[in-house]
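In listed order, ligands and their atoms are each counted from 1.
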Amino acid sequence: MHDVTERVYEHVLKTDPDQKEFQQAVYTFLQSIDKIIDELPEVAYHKILDRMVEPERTIMFRVPWIDDEGKLQINRGYRVEMSSAIGPYKGGLRLHPSVNLSIMKFLAFEQVFKNSLTGLPMGGGKGGSDFNPKGKSDAEVMRFCQSFMTELYRHIGPDTDVPAGDIGVGGREIGFMFGQYKRITNKFVGVLTGKGMDFGGSNIRPEATGYGLVYLSDAILRGEKMSLEGKTCLVSGSGNVAQFTVEKLNELGAKVVTLSDSSGMIYDESGITPEKLAYVKNLKNVKRGRIKEYAEKYNGVEYIARNPEEPNPLWNIKADYAFPCATQNEILKADAENLVKNGIRLVGEGANMPCSVEAEGILMGNNVLLAPAKAANAGGVAVSGLEMAQNSARMTWTREKVDQELRSIMNNIYKNISEAAERYSTKNNFVDGANIAGFMKVSRAMLAEGYV
Ligand code: NDP
Ligand code: 2IT
């Protein structure tokens with residue numbers, strides 16, 4: 001590593017020794033920035049990187065709520081406001097028992113450069129809580145969301161910080177939080193995105209991350225004279241991103257044979273058809289059931305329970321392309337080796353940081369096209385940006401218009417990351433391309449704004 005990037009990384013290791021996920025996100029990013037640091041002496045002089053790894057503000061707070069038995073429960077809430085260099089803080093809220101400061105900071109850090117890549121004026125942030133929505137009643141989720149917003153509301157606003165969904169936060173949770181924000185502030189403003197269509201949401205926002213992932217992957221494949229048509233795909237997860245990834249892959253003529261949740265995976269060799277996908281959407285979004293039930297409903301489907309000690313069997317199925325859409329570090333070294341062995345040609349990252357550093361190295365070292373999360377899943381936040389624009393204008397755009405904008409944003413991202421890769425790194429190194437292209441704009445804005 002260059003001595004400038006190494007110093008920044010050493011500082012992170014020293015100041016946040018327990019924040020493994022944050023260290024990982026910073027490390028991968030700095031590896032790319034290494035390649036341009038000599039060309040940008042002002043970055044070192046003005047300590048741009050040193051500033052980027054320190055959040056502008058971190059808020060941690062108590063979230064007390066009453067469960068259905070009348071007992072008081074306490075969770076911890078977070079909002080990491082990482083960078084407002086190019087716009088108001090923007091990024092999702094995650095509700096999952098694994099949530100901690102390291103995970104919040106890695107996600108907020110990634111978000112800064114992802115949002116920059118969209119070309120829209122959005123800074124980066126992330127938040128959430130270690131609250132586990134699984135097995136909770138609607139009333140419990142509502143009471144939690146209201147309590148969470150009772151503290152969060154004072155830190156956010158349509159021109160300050162605009163949260164949205166992430167793992168465990170979908171339309172239901174955003175609705176409850178929006179209701180509480182409005183009640184406390186007496187303001188109906190675009191303070192959250194991912195709202196329902198009846199109260200200021202945008203068309204295509206639920207679909208956006210999955211659709212965007214497929215648009216970007218398709219652009220990369222076309223660049224290599226390859227296509228999705230007739231190809232077999234692996235998708236992990238079965239939540240928001242996974243569902244709409246499957247939907248768009250089907251539309252573009254590919255066949256998806258897997259889905260998963262934290263308990264296990266299904267392998268449906270005959271393909272997850274639109275009809276079966278409708279079943280999955282209802283199962284996960286309405287009934288809040290488990291993916292195992294898919295294997296009980298349809299013939300010829302294999303269910304494999306998850307064993308965290310073993311490589312994930314989902315990544316050991318013969319296919320053409322793979323789309324991790326569950327969570328961070330879901331593809332480890334052995335999984336990457338399995339993907340390579342089975343001849344996978346492209347990995348499109350729907351989830352944030354789904355590949356470990358080792359896994360990423362193995363995939364790229366074996367010429368697997370890797371569409372990194374910052375670029376590949378930017379469609380979600382991009383349409384969130386379009387939701388903000390519609391809210392400010394008090395307008396609702398048609399599905400067609402939003403989809404057209406999304407396609408054009410994803411095509412632009414492809415153009416920018418592939419050009420940055422060729423100019424500063426090597427052709428098709430989209431990891432370097434995305435980090436460098438995302439960094440440039442934030443860095444320029446920071447230089448222009450002075451020492452803040
Ligand atoms: P959902 O909550 O809708 O779905 C998450 C899925 O991943 C579920 O199937 C869940 O299984 C599984 N999962 C979650 N945590 C784990 C874990 N620790 N181990 C194994 N499986 C797990 O979330 P999203 O679909 O919205 O998010 C998925 C990924 O996409 C995340 O990495 C998120 O940060 C990223 N992302 C989301 C965007 C969005 O707009 N929603 C935008 C960009 C990225 P189970 O039901 O068992 O928990
Ligand atoms: O990781 C992400 O980009 C998101 N969870 C979506 C963020 C947003 O503000 O729409």
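- Looking at Asp166 next to ligand 1, an N or O pair under 3.5 Å apart turns up.
- In this structure, the side chains of Gln243 and Pro206 stay at 4.5 Å or more apart for every pair of heavy atoms.
- Residue contacts with ligand 1 include Cys325, since one of its heavy atoms falls under 4.0 Å from the ligand.
- In this structure, Lys105 does not pair ionically with Glu21, as no charged nitrogen and carboxylate oxygen lie closer than 4.0 Å.
- Of the charged side-chain nitrogens involved, at least one lies within less than 4.0 Å of a carboxylate oxygen, so that Glu81 and Arg57 count as a salt-bridged pair.
- You'll find the side chain of Ile272 reaches within 4.5 Å of the side chain of Lys276, heavy atoms only.
- Polar contact check, Arg205 against ligand 1: a nitrogen or oxygen pair lies under 3.5 Å apart.
- Residue Val241 has at least one N or O atom closer than 3.5 Å to an N or O atom of ligand 1.
- Side chains of Tyr78 and Thr58 form no contact here, defined as non-hydrogen atoms less than 4.5 Å apart.
- Phe131 carries Lys136 over the face of its six-membered ring, with the cationic atom under 6.0 Å from the centre and within 45° of the normal.
- For Lys134, a nitrogen or oxygen atom sits less than 3.5 Å from a nitrogen or oxygen atom of ligand 1, counting backbone and side chain alike.
- The shortest distance between side-chain heavy atoms of Leu93 and Asp166 does not fall below 4.5 Å.
- Among all protein heavy atoms, the one lying closest to atom 9 (O) of ligand 1 is Ser238 N, 3.0 Å.
- Contacts of Glu330 with ligand 1, taken as heavy-atom pairs under 4.0 Å, are absent altogether.
- For the residues Ala326, Gly237, Ala373, the heavy atom positioned nearest atom 28 (C) of ligand 1 is part of Ala326.
- With respect to Arg290 and Glu293, no salt bridge is recorded, no charged nitrogen being found less than 4.0 Å from a carboxylate O.
- Of all the atoms in ligand 1, the ones that sit under 4.0 Å from a non-hydrogen atom of Arg94 are 31 (C), 32 (O), 33 (C), 34 (O).
- For the pair Ile156/Pro163, a side-chain contact is recorded, criterion being any heavy-atom separation below 4.5 Å from C-beta on.
- Between Arg290 and ligand 1, an N or O atom pair is found at a separation short of 3.5 Å.
- Listed by number with element, the atoms of ligand 1 under 4.0 Å from a non-hydrogen atom of Gly350 are 30 (O), 35 (C), 36 (N), 44 (C).
- Of the polar atoms of Val169, none of the N or O atoms is found under 3.5 Å from an N or O of ligand 1, judged by distance alone.
- Taking only nitrogen or oxygen atoms, main chain and side chain alike, Arg306 does not reach within less than 3.5 Å of ligand 1.
- In summary, the side chains of Glu330 and Ser236 do present a donor paired with an acceptor at a separation below 3.5 Å, with no hydrogens or angles considered.
- With respect to the salt-bridge test (charged N to carboxylate O, under 4.0 angstrom), the residues Glu337 and Lys341 do not qualify.
- Within the 4.0 Å heavy-atom criterion, the part of Thr209 lying near ligand 1 is the side chain and not the backbone.
- At a threshold of 4.5 Å between non-hydrogen side-chain atoms, the residues Val241 and Asn377 do not count as touching.
- Atom numbering of ligand 1 starts at 1 in the shown order; those under 4.0 Å from a heavy atom of Ala351 are 29 (C), 30 (O), 32 (O), 35 (C).
- Looking at atom 3 (O) of ligand 1, its nearest protein heavy atom turns out to be Asn240 N, 2.9 Å.
- For atom 2 (O) of ligand 1, the candidate residues are Gly168, Gly210, Gly170; the nearest heavy-atom contact is made by Gly168.
- A salt bridge links Asp68 with Arg143: the closest approach of a Lys/Arg side-chain nitrogen to an acidic carboxylate oxygen falls below 4.0 angstrom.
- Nearest heavy-atom pair, Pro324 versus Trp315, reported as atom, atom and distance to 0.1 Å: CA-CH2, 3.6 Å.
- Among protein heavy atoms, the minimum distance from atom 15 (N) of ligand 1 is reached at His96 NE2, 3.5 Å.
- Heavy atoms of Ser260 found under 4.0 angstrom from ligand 1 belong exclusively to the backbone.
- If you check which protein heavy atom lies closest to atom 14 (C) of ligand 1, you get Ile167 CD1, 4.0 Å.
- For the pair Ser129 and Arg94, the minimum side-chain heavy-atom distance is 4.5 Å or more.
- When each atom of ligand 1 is checked for a heavy atom of Thr327 under 4.0 Å away, the hits are 15 (N), 16 (C), 17 (C), 18 (N), 19 (N), 32 (O).
- Of the possible polar contacts, none joining the Lys187 side chain to the Ile184 backbone as a donor-acceptor pair under 3.5 Å is found.
- For atom 44 (C) of ligand 1, the closest non-hydrogen atom on the protein side is Asn377 ND2, 3.4 Å.
- Salt bridge status for Lys374 with Glu110: present, with a side-chain N to carboxylate O gap under 4.0 Å.
- Counting atoms of ligand 1 from 1 in the listed order, those under 4.0 Å from a heavy atom of Ser262 are 11 (O), 20 (C), 21 (N), 45 (P), 47 (O), 48 (O).
- For Asn352, a nitrogen or oxygen atom sits less than 3.5 Å from a nitrogen or oxygen atom of ligand 1, counting backbone and side chain alike.
- Salt-bridge annotation for Glu54 and Arg51: absent, with no side-chain N of the basic residue lying under 4.0 Å from a carboxylate O of the acidic one.
- Comparing Ser263, Gly194, Gly128, Gly239 by heavy-atom distance to atom 6 (C) of ligand 1, the nearest is Gly239.
- Each of Lys90, Gly91, Gly92, Gln111, Lys114, Lys126, Ala164, Gly165, Asp166, Arg205, Asn352, Gly380, Val381, Ser384 has a non-hydrogen atom positioned under 4.0 Å from some atom of ligand 2.
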